[in-house]
Amino acid sequence: MGAPSPVGGATNRLFDPLSAWYARTARDLPWRDAGCSPWGVLVSEVMLQQTPVARVLPVWRRWMEQWPTPADLAAAGPGEAVRAWDRLGYPRRALRLVDAAVAIRDLHGGRVPAEEEVLRSLPGIGEYTAAAVASFAFGRRAVVVDTNVRRVQARVVTGVALPAPSYTAAERRLATGLLPEDAADSVQWNIGLMELGALVCTARAPRCRECPLQAECAWVAAGSPAHDGPPRRGQKWAGTDRQARGRIVQALREADGPLPRAEVLAASGAPEAQAERCLAGLLEDGLAEGDDATGYALPT
DNA sequence: AATCCGTGGAC
DNA sequence: TGTCCAAGGAT
């Protein structure tokens with residue numbers, strides 16, 4: 001690759017060791033293959049939203065075999081997609097991916113758009129995913145900031161253990177200033193930071209001894225101080241609507257045909273009022289359909 | 001801006 | 001064992 005030619009001085013010092021480390025260490029993931037289509041990249045990015053790589057891999061492979069193009073998925077029913085989504089979690093992502101495929105087919109000639117603004121208009125594609133697809137699928141210069149990039153930036157540049165609870169304008173500004181000017185370099189930078197955050201600069205027990213940026217890391221230089229700030233509130237799980245909804249969708253996914261209302265409510269494992277609320281919510285979201293007469297099932 | 005939305009592995 | 005958290009998005 002060519003010279004980094006970044007605007008900021010920090011990137012000058014970080015780019016080469018990061019690139020060398022990536023070339024040596026990066027995982028061989030199918031959506032990183034040169035032959036992977038932009039659609040394959042887009043599907044991977046949506047599946048990877050809040051879901052670990054190891055769980056995405058087998059589902060992505062089946063998905064791409066079944067629906068190798070946006071038009072293939074656009075022709076499928078949402079229920080098929082939710083079933084193929086399996087246990088990745090947040091199954092509304094599967095519905096939005098179908099909607100995105102329909103938009104790509106009907107509004108964009110069946111091809112995944114390369115421009116961030118156009119990608120952003122697709123259902124389920126937000127700031128991160130639009131930038132990631134533009135960068136990784138099309139080699140565009142885009143500011144890609146995910147949880148890994150935020151954490152690496154926080155440590156290496158800002159010198160704190162963890163980033164703020166939610167993505168801030170200051171973080172976006174910092175990432176924008178760090179991004180190499182050259183498009184090809186910017187892609188390397190983005191993927192390198194993400195991989196470093198995933199494999200070395202991890203949330204819990206960072207492997208600083210293996211880090212190619214250790215010598216340049218502001219957090220290490222400061223003595224790796226513990227997180228200073230409001231304790232991060234862990235999300236509750238037991239007894240929540242999310243748990244009950246998950247159980248209902250799981251029951252619908254595994255069922256051969258429509259389930260009676262009573263069976264759906266029982267599957268939720270929740271008190272009746274909560275179970276009713278969750279079923280209503282799933283119907284509203286399009287993750288279930290039916291009525292008391294026909295029974296309830298995944299959408300057709 | 002804060003909350004909601006699944007799932008399961010790691011520790 | 002319970003807590004943490006993983007390539008976020010929508011409202």
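Chain letters run A, B, ... following the sequence lines, proteins first and then strands; every chain starts at 1.
When the P atom is compared between dA7(C) and dC4(B), the two are found 23 Å apart, to the nearest whole Å. For the C1' atoms, the distance from dA10(C) to dA1(B) is 13 Å, rounded to whole Å. As rounded to the nearest Å, dT11(C) and dT7(B) have C1' atoms that lie 23 Å from one another.
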Under 3.5 Å, sequence neighbours excluded: what are the donor-acceptor pairs made by side chains of residues 100-114 of chain A?
none

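Applying the side chain to side chain contact (heavy atoms under 4.5 Å, CB included) test to Arg277(A) and every residue at least two apart in sequence or in another chain returns Asp241(A), Gln274(A). Listed by chain and residue number, Arg27(A), Arg32(A) satisfy the side chain to side chain donor-acceptor pair (under 3.5 Å) test with Glu195(A) (two or more places apart in sequence, or in another chain). The side chain to side chain contact (heavy atoms under 4.5 Å, CB included) check on Thr158(A) picks up Val160(A), Leu174(A), with sequence neighbours excluded.
In this model, the phosphate group of dT7(B) is approached by a side-chain N or O of Arg253(A) to a distance below 4.0 Å at OP1 or OP2.
Between Arg141(A) and Glu181(A) a salt bridge is recorded (basic side-chain N to carboxylate O distance below 4.0 Å). A salt bridge is absent between Arg120(A) and Glu115(A); no separation between the charged side-chain nitrogens and carboxylate oxygens falls under 4.0 Å.
Between Phe15(A) and Trp189(A), the ring planes lie parallel to each other; the angle is under 30°, not in the 30° to 60° tilted range.
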Footprint string (nucleotides 6-11 of chain C, 5' to 3'): B base within contact, S backbone only, - free, heavy atoms under 4.0 Å
BBBSS-
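Against DNA chain C, the stretch residues 255-263 of chain A makes no heavy-atom approach under 4.0 Å.
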